[in-house]
Enquirer: 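Let me begin by handing over the structure; questions about it come next.
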Amino acid sequence: MPELPEVQTVRATLKDRILNKKIKKIEIIYPKMIESDLLEFQNNILNQSFIDIKRIGKWLIFELNDYYLLSHLRMEGKYFIKEHKMPIIKHEHIIFTFEDDSDLRYHDVRKFGKMNLINKEDLYEVEAIKKQGIEPVDDKLTKEYLLDHFKGKTAPIKTILLDQTIISGLGNIYADEVLFHAGIHPLRKTNTITKKEASKIVEACKFVISKAIEAGGTTIRSYTSSLGVTGLFQISLMVHQQKDKPCQKCNTIIQKIKVGGRGTYYCEKCQK
DNA sequence: AGTGCGACCCGAACGC
DNA sequence: TGCGTTCGGGTCGCAC
């Protein structure tokens, strides 16, 4: 699942490949993917060029001449660059064709991804964007900020770490990793988190996410046009997907439970 | 306001 | 082997 570090890698990789290219044709194979008005999307995107790519949380923000194209990859969204003459394959849902007969193709097995074409002045009118919280590596993410937002919440801390309106960009993998590094049990009631623990969560967020962004960055160098632009971060995960393996810190067997309907991995000795 | 859950999807994993 | 069933995961909308 693309979380903040992967989206950051996709952004950096695509930037090198599509900037200043003008869209001459758009094919929308799966229209439900478009959240904004479909006809406007089809008409307005023609003859626009990509002039920048930004990111807010897990949202990719493609800047065109007159619009922003918002793209959320959800679980399995990927972008490929291909020659237009290549046959359209299964799971390719949106195809942008440039003047040089190259394509930017959006591929998504689960069809969960979303796109949105909006006027530039409306970026912060989009509910999902407006509501994004503070990013893990932002200096504004402090223990005071977290404690303030943890107040009155009885849900498990793991569930709250996934709330994009508080911390923007954490997904299921990094929420588990952050809690391991902070030494906190995923089922802890959020309103019982202490100052010291909130401080550990802040540190863990910055550590885990900056490491992952670095690792995502190394993927860019091995990128070739035949590969999907996914940003496969190859950091070593301490707990996520490590069920039945020994904890790398204390050798205790990693447990898997469900928290808020999400598969959750933790070390029962390191995370109290 | 906060919480919990179904819906959206479909390939993979699982069960018989 | 082959077929049917279950699972998972980010976000939204809805009910409580």
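Each chain gets a letter, A, B and so on, in the order its sequence line appears, and its residues count up from 1. Remember, it's a predicted structure, so these values are computed and weren't measured experimentally.
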Enquirer: Want to settle it: does A/R262 or A/I160 sit nearer the 5' end of DNA chain B, counting the closest nucleotide to each?
Expert: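 Closer to the 5' end of DNA chain B: A/I160.
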Enquirer: Pick the closest DNA chain C nucleotide for A/E35 and for A/G263 by heavy atoms, then say which residue is nearer the 5' end.
Expert: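 Upstream on the strand: A/G263.
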Enquirer: Touch check for A/Q164, heavy atoms < 4.0 angstrom, all strands: base, sugar-phosphate only, or nothing?
Expert: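 Sugar-phosphate contact only - A/Q164 comes under 4.0 Å of backbone atoms but never of a base.
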Enquirer: Taking only side-chain N and O atoms of A/K151, does any of them lie within less than 4.0 angstrom of OP1 or OP2 on B/dG2?
Expert: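 Answer is no, no contact under 4.0 Å.
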Enquirer: Check the angle between the aromatic planes of A/H93 and A/Y30 and answer parallel, tilted or perpendicular using the 30° and 60° thresholds.
Expert: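 Tilted, since the angle between the ring planes falls between 30° and 60°.
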Enquirer: Below 30° counts as parallel, above 60° as perpendicular, anything between as tilted: where do the rings of A/F41 and A/F96 land?
Expert: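 A/F41 and A/F96: tilted rings.
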Enquirer: Is any side-chain nitrogen or oxygen of A/H91 closer than 4.0 Å to OP1 or OP2 of B/dG11?
Expert: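 Indeed, a polar side-chain atom of A/H91 lies that close.
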Enquirer: Just how far, in rounded Å, is P of C/dT11 from CG of A/L162?
Expert: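 In whole Å, C/dT11 P and A/L162 CG are 9 Å from each other.
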Enquirer: Send over the distance from A/H93 NE2 to B/dC9 P, rounded to a whole Å.
Expert: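 Answer to the nearest Å: 10 Å.
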Enquirer: With a 3.5 Å limit on both atom pairs, tell me what C/dG13 is paired to, counting Watson-Crick and G-U wobble, or say none.
Expert: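 WC or wobble partner is B/dC5.
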Enquirer: Atom NZ of A/K189 to atom P of B/dG2: distance rounded to whole Å?
Expert: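 Atom-to-atom, A/K189 to B/dG2, this comes out as 16 Å.
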Enquirer: For the pair made of CZ in A/F112 and P in B/dG11, what is the distance, rounded to whole Å?
Expert: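 For the pair A/F112 CZ and B/dG11 P, the rounded distance is 13 Å.
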Enquirer: A/M33 CE to C/dC12 C1': how many Å, rounded?
Expert: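 A/M33 atom CE is separated from C/dC12 atom C1' by 16 Å.
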Enquirer: Which nucleotide in the list C/dG9, B/dC9, C/dC12 gets nearest to the side chain of A/A128?
Expert: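 For the A/A128 side chain, the nearest candidate turns out to be C/dC12.
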Enquirer: Can you check the A/H107 NE2 to B/dG11 P distance for me, whole Å?
Expert: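 Distance check: A/H107 NE2 to B/dG11 P gives 10 Å.
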Enquirer: Looking only at side-chain N and O atoms, does A/H72 come under 4.0 Å of OP1 or OP2 in C/dT11?
Expert: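 Answer is yes, contact under 4.0 Å.
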Enquirer: Tell me whether the side-chain N/O atoms of A/K58 come closer than 4.0 Å to OP1 or OP2 in C/dT11.
Expert: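 Looking at the OP1 and OP2 atoms of C/dT11, one of them is under 4.0 Å from a side-chain N or O of A/K58.
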Enquirer: From the options B/dG11, B/dT3, C/dG9, select the nucleotide whose nearest atom is closest to the side chain of A/K153.
Expert: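 Among the listed nucleotides, the one closest to the side chain of A/K153 is B/dT3.
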Enquirer: Parallel, tilted or perpendicular for A/H240 and A/Y265, by the 30°/60° rule?
Expert: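 A/H240 and A/Y265: perpendicular rings.
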Enquirer: A/K258 has a side chain; which of C/dG8, B/dC9, C/dG10 sits nearest to it?
Expert: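 Taking heavy atoms from C-beta onward, the closest nucleotide is C/dG8.
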Enquirer: Parallel, tilted or perpendicular, judged at 30° and 60°: which one describes the rings of A/H149 and A/Y145?
Expert: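 A/H149 and A/Y145: tilted rings.
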Enquirer: Taking only the side-chain nitrogens and oxygens of A/K114, find out if one of them lies under 4.0 Å from OP1 or OP2 of C/dT11.
Expert: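 Answer is no, no contact under 4.0 Å.
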Enquirer: What is the separation between atom CG on A/L73 and atom C1' on C/dG9, rounded to the nearest whole Å?
Expert: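 Rounding to the nearest Å, CG of A/L73 and C1' of C/dG9 are 14 Å apart.
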Enquirer: Any side-chain N or O of A/T154 less than 4.0 Å from the OP1 or OP2 oxygen of B/dT3?
Expert: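 Yes, because at least one side-chain N or O of A/T154 sits under 4.0 Å from OP1 or OP2 of B/dT3.
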Enquirer: Rounded to whole angstroms, how far apart are CG on A/D176 and P on C/dG10?
Expert: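 Result: 10 Å.
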Enquirer: When you measure from the side chain of A/K131, which nucleotide among C/dC12, B/dC10, C/dG8 comes out closest?
Expert: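 Selected nucleotide: C/dC12.
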Enquirer: Are the side chain of A/S210 and the backbone N or O of A/K206 linked by a donor-acceptor pair below 3.5 Å?
Expert: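 Yes.
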Enquirer: Regarding A/K85 and A/D101, does a basic nitrogen lie under 4.0 Å from an acidic carboxylate oxygen?
Expert: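 Looking at A/K85 and A/D101, the cut-off is not met.
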Enquirer: How would you label the contact of A/K32 with the nucleic acid (heavy atoms, under 4.0 Å): base, sugar-phosphate, or nothing?
Expert: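 Contact class for A/K32: sugar-phosphate only.
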